[in-house]
Number of protein chains: 2
Amino acid sequence: MSDQTTCQRDARPRRLILAGAHRQPGYCLSCGIRAQSVCSVIDDDDIARLAETAVETLVLPGRTFIEEGAPATDFYNITSGNVKLFKALPDGRRQITGFATTGHFLGLAVSDQYAFGAEAMDTVRLCRFSRARMRQLMDDFPRLERRLLAEASNELVAAQNQMLLLGRKTARERVASFLLERVREVPNPSEDVPLPMTRSDMADYLGLTIETVSRTLSWMRTERLVAIGKGHTVRITAMERLEALAAGEAA
Amino acid sequence: MSDQTTCQRDARPRRLILAGAHRQPGYCLSCGIRAQSVCSVIDDDDIARLAETAVETLVLPGRTFIEEGAPATDFYNITSGNVKLFKALPDGRRQITGFATTGHFLGLAVSDQYAFGAEAMDTVRLCRFSRARMRQLMDDFPRLERRLLAEASNELVAAQNQMLLLGRKTARERVASFLLERVREVPNPSEDVPLPMTRSDMADYLGLTIETVSRTLSWMRTERLVAIGKGHTVRITAMERLEALAAGEAA
DNA sequence: AAAAGACATTGATTCAGATCAATTCAGCCC
DNA sequence: GGGCTGAATTGATCTGAATCAATGTCTTTT
C-alpha cells in the first residue's frame with residue numbers, strides 16, 4: 001500500500017495487471033500503479049501500448065462520481081475503497097442497487113447514459129478509462145472481456161437474488177439476508193461483521209425505512225440472533241436460525 | 001417459418017448464424033436450423049466444426065425446463081417463444097425476475113447451479129449447448145462473447161430498474177412501468193399491447209398480488225389511462241400521464 | 001349448448017411496515 | 001469534561017397493499 005499514492009505514469013511497472021477477484025498484488029491495467037488485489041496478468045510486452053491513456057482519480061467520501069442519467073463517457077475500475085450504486089426517483093425516493101469495492105468495474109453500459117449513480121462511501125481510488133479505450137483494451141486483451149462477462153454474470157445473479165428479496169421477502173427476512181451477505185465478506189463467520197454503511201443506506205438497499213431496519217435489528221438482538229457491537233459492527237450468534245430466516249423458512 | 005420444424009443436422013445450412021437482436025433470418029449457430037431472427041453471422045468454413053454438438057428442443061407451454069438450483073450443465077438460446085424466469089422461496093412465494101424471448105441466452109452462470117428457474121409461457125423452441133461447448137464456441141468466436149457481454153449489460157440495467165420498482169415504487173407506479181415496458185415491444189405505441197402472461201405472472205413480476213394488479217388496472221381504466229381489450233391486450237390512451245406515473249412524478 | 005375449470009374482478013377486513021414524533025446515543029470539537 | 005450535531009432507537013398512529021371471500025367471465029370439453 002506504501003507505493004499507492006498517485007498515478008505513476010512514467011515509472012514503468014514490470015507487469016500490467018487488473019485489480020480484481022484473484023486478490024493478488026500487482027499493477028493496475030490502466031495506470032500502472034500498484035494495487036492491492038488484482039488478477040488477469042498481462043505480459044510485459046504489452047506495457048508500452050497500455051500505459052498511455054491512464055487516469056487515476058481519488059474520490060472523497062460522500063462524493064457522487066457517477067451521476068445517474070449523465071452521458072456515459074467513462075469506464076471505472078475501483079482500486080480501493082467502497083462505493084454505493086443507486087437509482088433515484090424525482091421525489092427523492094432512492095434504491096441502492098448494490099455496493100462495489102476493490103476490483104469492481106463500473107460503467108459497463110450499452111446505452112450512452114449511466115443507468116445508475118455511484119457515490120463514494122469512504123476514500124475511493126479508481127482508474128478511469130474512456131469507453132473507446134475500453135473497447136480497444138477488450139480487443140487487445142480477450143481475457144479482459146472474459147473477466148467482464150464473468151463479473152456481469154455474477155452481478156446478474158446477485159440482482160436476481162435482490163429482486164426476490166425486494167419483491168417477496170418480509171422485513172425480517174430482508175435484514176437477515178443482508179447480514180448473511182455481509183458475513184460472506186469476512187473470513188471467519190463468527191467474528192465481528194463490519195457494516196460500513198448508515199441505517200439509511202441499509203434501508204435504501206433493502207427497500208425499507210430506517211425505523212424498520214432499526215426495529216428489526218433490535219428484534220434480532222432480543223431474539224439472540226445477533227449481537228450488535230459498537231461502531232457499526234454485528235456478530236452473528238445464531239447462524240442456523242438466521243439462515244433459515246433469510247431463506248424464508250421461518251414459521 | 002415453414003422450415004422451422006425440427007433440428008436438421010444433416011441438411012447443411014449455407015451460413016451459421018445466432019438467433020438474436022438484429023432480427024434478420026438465418027440459421028441457428030448450434031443446430032443449423034433456420035430461425036426467425038438472428039445475428040452474428042459466422043462464415044461458411046466454420047460449419048463443419050460447429051454443426052456437431054447441436055441439440056434442439058421443443059418445450060411445451062407451462063413446462064419448466066430449467067430448475068432453480070439444479071446443476072448448471074447446459075446453456076440455452078431461445079429460437080422462438082416466450083419464457084419466464086423466476087426464483088422461489090420454500091413456502092411458494094415467487095418472484096419473476098424477467099421474461100425472455102427469441103434470441104435470448106439463458107444459463108450464463110459462473111456458479112455450477114442455475115440461479116433461477118425457467119418456464120415456457122407458450123411453445124418454445126431452443127438450442128441447447130453443453131457449457132464446455134459454450135466455452136469452446138466463445139474461444140472460437142469472439143463475436144459471441146462480445147454479444148453475451150452486451151446482453152448481460154442490458155439485463156443488468158433492466159435488473160437495476162426492476163430493483164428500483166420493487167424497492168421504492170407504489171402499486172400504481174409499478175403497473176404503469178410494466179405497461180410501458182410492454183409498449184416498447186410493439187412498433188406503434190398507440191396500437192394494442194399484448195400481455196401474454198396471466199395476472200398471477202404480472203403480480204409475481206411486480207411484487208404485488210393478483211388482486212392489487214387487477215384493482216390497479218381497473219383504476220387505470222376509470223382514469224382513462226388505458227383501455228383494456230379482450231384476450232390479454234391493453235391500449236395506452238394517455239401516454240404522457242402514464243409515463244409521469246411510472247417515473248414517480250405523480251401528485 | 002351446457003358443464004367444468006381456470007382466470008379475473010370486486011368487496012370487506014386485516015396487518016406489516018410507513019409515517020409522525022420524541023428521546024437517546026455516539027462521536028467530535030473546543 | 002460539556003455542549004453540539006447527526007445518527008439511531010423507540011413509541012404511537014396511520015395506511016397501502018395483503019388477505020379473505022364472493023362473484024363474474026372467459027375457454028375448453030363433451
Side-chain angles (χ1 to χ4, degrees), chain A residues 61-62 84 89 91-95 121-122 165-179 194-223 226-234 245 248 250-251, chain B residues 60-62 84 89 91-96 121-122 165-179 194-223 226-234 245 248 250-251:
Chain A
K84 58 188 173 199
L89 291 170
D91 62 2
R93 279 175 288 171
R94 210 176 57 134
Q95 179 65 38
M121 295 165 70
D122 43 28
L165 180 145
L166 293 170
R168 292 300 184 212
K169 288 188 181 177
T170 66
R172 287 171 181 182
E173 289 163 355
R174 290 180 202 205
V175 174
S177 302
F178 174 72
L179 292 178
L195 302 177
M197 63 283 292
T198 65
R199 293 281 182 275
S200 176
D201 285 342
M202 285 187 227
D204 283 345
Y205 181 57
L206 299 174
L208 301 170
T209 59
I210 48 173
E211 293 94 333
T212 299
V213 170
S214 184
R215 270 186 250 276
T216 305
L217 283 171
S218 298
W219 173 83
M220 286 178 171
R221 185 161 35 74
T222 66
E223 289 285 316
V226 302
I228 294 164
K230 302 273 165 198
H232 285 253
T233 68
V234 170
L245 182 57
Chain B
L60 298 178
K84 58 187 173 200
L89 291 170
D91 63 2
R93 280 174 288 171
R94 211 176 55 136
Q95 179 65 39
I96 292 183
M121 295 165 71
D122 43 29
L165 180 146
L166 294 169
R168 291 302 184 210
K169 288 188 180 178
T170 65
R172 286 170 183 182
E173 289 164 353
R174 291 180 201 205
V175 174
S177 303
F178 174 73
L179 292 178
L195 301 177
M197 64 284 292
T198 65
R199 293 281 181 274
S200 175
D201 285 343
M202 285 187 227
D204 284 343
Y205 182 58
L206 299 174
L208 301 170
T209 59
I210 48 174
E211 292 94 333
T212 299
V213 171
S214 184
R215 270 185 250 276
T216 305
L217 284 171
S218 297
W219 173 81
M220 287 179 171
R221 183 161 36 75
T222 65
E223 289 285 315
V226 302
I228 294 164
K230 302 273 165 200
H232 286 254
T233 68
V234 171
L245 182 57

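In what follows, chains carry the letters A, B, and so on, assigned in the order in which the sequence lines appear, proteins first and then strands, with residues in each chain numbered from 1.
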Axis-to-axis angle between the two ends of the helix from dA1(C)-dT30(D) to dC30(C)-dG1(D) (five base pairs per end, rounded to 10 degrees):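 End axes: 40° apart.
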
Does R221(A) reach a base, just sugar-phosphate, or nothing at all? Heavy atoms under 4.0 Å.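 Sugar-phosphate contact only - R221(A) comes under 4.0 Å of backbone atoms but never of a base.
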
Donor-acceptor contact present, side-chain [X] to main-chain [Y], <3.5 Å:
{"X": "H232(B)", "Y": "T198(B)", "answer": "no"}
{"X": "Q95(A)", "Y": "L165(B)", "answer": "no"}
{"X": "R174(B)", "Y": "L206(B)", "answer": "yes"}
{"X": "R172(B)", "Y": "T216(B)", "answer": "no"}

With the threshold set at under 4.0 Å for non-hydrogen atoms, list the residues of residues 203-215 of chain A touching DNA chain D in residue-number order. E211(A), S214(A), R215(A)

Does a salt bridge link D204(B) with R199(B), judged by any charged N lying under 4.0 Å from a carboxylate O? no

Side chain to side chain contact (heavy atoms under 4.5 Å, CB included) against [X], all qualifying residues, sequence neighbours excluded:
{"X": "S218(B)", "result": "R221(B)"}
{"X": "R215(B)", "result": "E211(B)"}
{"X": "T233(B)", "result": "D192(B)"}
{"X": "R93(B)", "result": "R168(A), T170(A), E173(A), L89(B), D91(B)"}

Closest nucleotide of DNA chain C for A171(A) versus for R199(B): which of these residues is on the 5' side? R199(B)

For chain B and DNA chain D, what are the first and last nucleotides along the strand, 5' to 3', with at least one atom under 4.0 angstrom from a heavy atom of the protein chain? dA17(D) to dC26(D)

Under 4.5 Å between any side-chain heavy atoms of V175(B) and L208(B), yes or no?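 Touching, per the 4.5 Å side-chain cut-off.
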
Which residues pass the side-chain hydrogen bond (donor to acceptor under 3.5 Å, both in side chains) test with S177(A), sequence neighbours left out? K169(A)

For T212(A), side-chain hydrogen bond (donor to acceptor under 3.5 Å, both in side chains) partners two or more places apart: T209(A)

Which two nucleotides bound the region of DNA chain C that has atoms under 4.0 Å from heavy atoms of chain A, read 5' to 3'? dG17(C) to dG27(C)

Rounded to the nearest 0.5 Å, how far apart are CE of M220(A) and CG of L245(A)?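 CG of L245(A) is found 5.0 Å from CE of M220(A).
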
